[in-house]
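Just follow the structure's listing: the first ligand is 1, and inside any ligand the first atom is 1. On a predicted model such as this, the values are computed, not experimentally measured, just so you know.
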Amino acid sequence: MTYETIIVETRSKVGLVTLNRPKALNALNSQVLGEIVAALQAFDANMELGAIVITGSEKAFAAGADIKEMQSKSYVEAYLEDFFVGWEGLTRIRKPIIAAVSGYALGGGCELAMMCDFIIASDNAKFGQPEITLGVMPGMGGSQRLTRFVGKSKAMDMCLTGRMMDAAEAERSGLVSRVVPAADLVEEAIKAAAKIADFSIPAVMMTKEAVNRSYETTLAEGLRFERRVFHAMFALDDQKEGMAAFAEKRPASFRNR
Ligand code: CO8
């Protein structure tokens, strides 16, 4: 598949998607949606790869859903096409996805970052849900995910005032896992992804599934799920190798089985 709005590359065992609509600050239109989901599905199916990074430009990860594309949509059109439901494809990717965010991550851009498994931000990153300033509200998960990540008070503040959160506040609030200098962002994210990709791919995928389950269920059910998946891991060759390597004081060599 050829892509027009994103750049798709691999770096060793890491798949890298770079949003590439610089004139529109990487605004997310339906073409971007289709291309990102297709690229991620291809990475997910490629067993040479163990983790994925999504990034934008230094000025903008993504300045939101494409306002010009949606401004004249009617309610019936939005409803019938179930506008934006396609982004759920991203949440079905089973390998870990890191969002490497520099500059603006606004509206759908912030929501895209939150659909990833964790966010590494550059020190110039700015997160926001400014939809209220356009007469609407978040539509790609912001009212739900932001609230779970930073708590009700901050999520209400962000969604109701439309103010932006800088990288330091985002790290303090738990929205991002780490903040790095802007110049190092992509390399740091790739380094983190490469570290993940060197572990056992099935163990990594099961771990992602278990952590995500914590957002979908009760603590008791989540703990039960974790224990069952943990038991299942004893069927992996990689569990035998990882534990033998520890006991033999040597690095593990995972076979991804
Ligand atoms: N959509 C379309 N075009 C955009 C967007 C966007 N979200 N953001 C920026 N652009 C375009 C601008 O129109 C401009 O294009 P042009 O040169 O043709 O005029 C170009 O990108 C550069 O932008 P600016 O000149 O505005 O750049 P500045 O550096 O002055 O400002 C900002 C940068 C502050 C990021 C500013 O561009 C801005 O405020 N952008 C809009 C941010 C925003 O409101 N985002 C939320 C959009 S709504 C959304 O994401 C969720 C909708 C969910 C709906 C779900 C329905 C089911």
Pair N20-T5, side chain to side chain donor-acceptor pair (under 3.5 Å): steps then yes or no
CA-CA 5 Å; N20 189 32; T5 62; over 6 Å; no
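Protein residues having at least one heavy atom under 4.0 Å from any atom of ligand 1 are K23, A24, L25, A27, K59, A63, G64, A65, D66, I67, K68, M70, F83, F84, Y104, L106, G107, G108, P130, E131, L134, G139, listed by chain and number.
Taking CD1 of I54 as the start and CD1 of I6 as the end, the distance is 8.5 Å to the nearest 0.5 Å.
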Can you give the donor-acceptor pairs under 3.5 Å from side chains of residues 132-144 to other protein atoms, not counting sequence neighbours?
residue: T133; atom: OG1; partner: P130; partner atom: O; Å: 2.6

Less than 3.5 Å apart, which donor and acceptor atoms pair up between the side chains of residues 83-91 and the rest of the protein, not counting sequence neighbours?
residue: T91; atom: OG1; partner: E88; partner atom: O; Å: 2.6

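Contact detail for A252 and G242: the closest heavy-atom pair is CB-CA, 4.1 Å.
For F230, the ring pair (Phe, Tyr, Trp, His ring centres under 6.0 Å) partners at least two apart in sequence or on another chain are F234.
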